[in-house]
Amino acid sequence: MTSTASPLSPVALLDRSSGEGIAAGSHLHGFGGFHGGLTLALLASAMQDAAGEVAPGLRLQSATARFLRPIGDDFRLETSLLRAGRTLTTLGGRAVTEKGVHVEGSAVFGHPQPADWQSFAPAIPDAPPPEECDVFVIPPEFVAISTYLEIRPVGPNRPYAGGAEPELIAWIRILEDERPPDALRFVFLMDSLAPSYAAVLSTLALVPTVELTVRPGAHLAQASSPWILLRARTRSATAEGWVDEEIDAWGRDGAHLGSAQQLRIVRTG
């Protein structure tokens, strides 16, 4: 497919029209291809634009992507309306190249409804502010898109350090952007830590994403800082290498900003 745009930064891509083709430059690669979280954020942007044509004011409640094969070439986004109702609207989306469909996904949008139901959210882990945590640098030759992120781990766990617990906690922000994350930036950031399963590995093995679901929370709209605290934890892992991971995010004020789930698989080749 012919490139329709010059390679841009993640924020520049998220801020432009979702109807344009996307140049999949290697500077935006994660593990072996175009970054999965950014792919889902761009898909969510396209589906949000399509949902807005059905009804204005819809808010993203959940976005899911299934990664069929890595994206290495320039690609385009396609959307389809699956259902439009009074309470929720559901869209489908695909990332497509001349080789076919690489990523397929869906998103649920809802109308804000005034209500007073009892709410629940996980409590923020004990963590010093990001300024008191050291910067963790990911080699760009391993994850090129990491040059756009600032990561400050909390606690002793690090990827591929042979730890006892499959958990990673870190403050994270987009380097080029001082704004608090909106829903699209939030989707991108929720896939920006190393796999939590890597915390128990002592040798290098890739743990790519098979399926990713991100659910922005109600407090995200009130976030006041570009920093968010992520806690990624492997809930279960099988001997065959299938990993079920959960991720939660909080703002600097302790408010829970949303969550994500990933299905991963461990690969050594």
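A quick note: this is a predicted structure, and the numbers were derived from the prediction, not measured. When a residue number appears, it is its place in the shown sequence, counting from 1.
Comment: E150 engages R173 in a salt bridge, judged by a side-chain N to carboxylate O separation of less than 4.0 angstrom. By the 4.0 Å N-to-carboxylate-O rule, R152 lies too far from E131 to be salt-bridged with it. With respect to E165 and R233, a salt bridge is recorded, a charged nitrogen being found less than 4.0 Å from a carboxylate O.
Inter-residue side-chain proximity for L257 and I228 is flagged as met; some heavy-atom pair is nearer than 4.5 Å. Under the 4.5 Å side-chain criterion, counting only non-hydrogen atoms from C-beta, L38 is in contact with L14. Within the 4.5 Å cutoff, side-chain heavy atoms of H256 are placed close to those of D248. Two residues are said to be in side-chain contact when any heavy atoms from C-beta on lie closer than 4.5 Å; F136 and L168 fail this criterion. Within the 4.5 Å cutoff, the side chain of R69 has heavy atoms near those of the K99 side chain. Side-chain atoms of F67 and P208, non-hydrogen and from C-beta on, never get closer than 4.5 Å to each other. Looking only at side-chain heavy atoms (C-beta outward), I174 and V11 come within less than 4.5 Å of each other.
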Audit row: Q222, D253, side-chain hydrogen bond (donor to acceptor under 3.5 Å, both in side chains) steps and yes/no
CA-CA 10 Å; Q222 286 78 49; D253 61 355; over 6 Å; no

Worked verdict on D177 versus Y148 for side-chain contact (heavy atoms from CB on, under 4.5 Å)
CA-CA 10 Å; D177 197 359; Y148 293 97; over 6 Å; no

Does the pair R235 and E245 meet the rule for a salt bridge (charged side-chain N to carboxylate O under 4.0 Å, His left out), with working shown?
CA-CA 6 Å; R235 299 187 348 161; E245 180 180 62; over 6 Å; no

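When the shell of 6.0 Å around CZ of R215 is examined, it contains 12 or fewer heavy atoms from other residues, nucleotides or ligands.
None of V54, L88, T89 except one satisfies the side chain to side chain contact (heavy atoms under 4.5 Å, CB included) rule with R83; the exception is L88. Checking each of I247, L230, L149, I138 against L193 for a side chain to side chain contact (heavy atoms under 4.5 Å, CB included) leaves exactly one that passes, namely L230.
Rounded to the nearest 0.5 angstrom, E141 CD and S146 OG are separated by 8.5 Å.
Defined by atom type and a distance below 3.5 Å, a donor-acceptor pair is present between the side-chain atoms of S196 and T234. Under 3.5 Å, the side chains of T213 and Q261 contain no donor-acceptor pair of N or O atoms.
Ring-centre distance between H102 and F34: not below the 6.0 Å cut-off.
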